[in-house]
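Structure record follows, encoded as structure tokens.
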Amino acid sequence: IPKRDWSSDVCSSDLGGRTPVAAIVHSVTLLLVTLFVGSWVALIPMATIAGILVVVAYHMSEWHTFRAMLRAPRSDVAVLLVTFGLTVFVDLTVALGVGMVLASFLFMRKMAEATEIRAVTEMFANDEEAAAAGMGPMRPPEGVEVYEIDGPFFFGAAETFKETIAALARPPRVLVLRMRKVGLLDATGLALLRALARQGAGGGFTLVLSEMPPQPLQALRSSGLLEVIGADNVAGDIDLALARALALVSESRTSPRA
């Protein structure tokens with residue numbers, strides 16, 4: 001059995017605790033010192049305690065991580081510096097509150113920028129693009145526009161949605177919204193869809209939703225918007241949505257109002 005060099009163990013960095021047991025032992029030791037030798041601890045010079053606190057604070061600062069975070073995007077660095085400055089010059093509680101608020105606004109801004117609303121009607125004409133986008137062989141009939149929402153559909157993306165829909169030269173007979181990548185639909189998104197459905201009812205076009213994920217579909221049901229749009233106008237895939245659009249276009253052409 002090889003002889004172990006205990007002196008090297010004591011001098012090595014392995015002396016520091018790395019498990020929850022170390023924290024328990026540390027707490028119990030401090031409790032015992034406070035209860036039984038507190039009067040002696042009061043005799044320790046403040047300069048000595050200050051030196052200990054400086055070393056502890058230095059190790060807690062994790063300046064290597066702080067320096068690495070300065071290479072993050074400017075918006076994240078700004079939140080970091082504001083929180084750090086408030087911690088040093090004001091108060092930790094204030095710094096945490098302001099930092100959380102700033103980080104929340106930053107997150108919402110990034111989510112709004114990540115949400116994309118684009119027209120994909122022309123994509124059906126290219127077989128390779130259509131196959132890559134998961135579109136079937138069926139083509140949109142004349143008078144049908146297909147748009148896809150990519151990202152969470154919440155109040156941060158409301159303005160983008162309004163601008164995209166307002167850019168339509170003229171209202172189509174059927175507007176298909178493909179929502180397979182919409183993981184979140186909030187109250188603002190529901191209000192926009194409701195307004196679009198009512199606008200379509202008054203303007204002579206029909207709104208058809210395609211490939212609704214579970215959360216947006218549940219939101220439609222609980223808000224009563226599913227009845228406004230019509231269960232027949234919520235399709236499970238894009239081919240069913242286009243088939244529904246074709247039926248609606250055929251009805252509009254044969255109706256007395258056409």
Decide side chain to side chain contact (heavy atoms under 4.5 Å, CB included) for Arg173 and Thr206; before the verdict, give the C-alpha distance in whole Å, the side-chain angles of both, and the deciding distance to 0.1 Å.
CA-CA 6 Å; Arg173 296 192 178 187; Thr206 304; over 6 Å; no

Listed partners of Glu116 passing salt bridge (charged side-chain N to carboxylate O under 4.0 Å, His left out), at least two apart:
Arg118

Any heavy-atom pair between the side chains of Leu175 and Val144 that's under 4.5 Å?
no

Contact between Leu217 and Leu185 at the side-chain level, heavy atoms closer than 4.5 Å - yes or no?
no

Side-chain touch Leu193/Val228, heavy atoms, less than 4.5 angstrom
no

So side chain to side chain donor-acceptor pair (under 3.5 Å) across residues 90-104, not counting sequence neighbours, yields Asp91-Thr93

With heavy-atom distances below 4.5 Å as the criterion, would you say the side chains of Leu86 and Leu96 are in contact?
no

Any chain of hydrophobic side-chain contacts (each under 4.5 Å) joining Val55 to Val41?
no

Residues clustered with Tyr58, ILVMFWY side-chain links under 4.5 angstrom
Trp63

pair Gln199-Phe205: side-chain heavy atoms closer than 4.5 Å:
yes

Is the closest side-chain heavy-atom distance between Val208 and Leu248 below 4.5 Å?
yes

For Phe161, enumerate each residue passing the ring-ring contact (aromatic ring centres under 6.0 Å, His included) test, keeping only those at least two apart in sequence or located in another chain.
Phe153

Check side-chain contact (heavy atoms from CB on, under 4.5 Å) between Pro73 and all other residues, then give those that pass, not counting sequence neighbours.
Ser75, Asp76

With heavy-atom distances below 4.5 Å as the criterion, would you say the side chains of Arg180 and Glu148 are in contact?
yes

Once ring pair (Phe, Tyr, Trp, His ring centres under 6.0 Å) is applied, what residue pairs with a partner in residues 68-88 remain, sequence neighbours excluded?
Phe66-Phe84

Would you say that Leu207 contacts Asn233 through its side chain, given a criterion of any heavy-atom pair below 4.5 Å between the two side chains?
no

Arg178 and Tyr147: side chain to side chain contact (heavy atoms under 4.5 Å, CB included), yes or no, with the steps?
CA-CA 6 Å; Arg178 197 181 190 196; Tyr147 281 76; over 6 Å; no

I need the minimum non-hydrogen distance between Ser210 and Ala241, along with the two atoms involved.
CB-CB, 3.7 Å

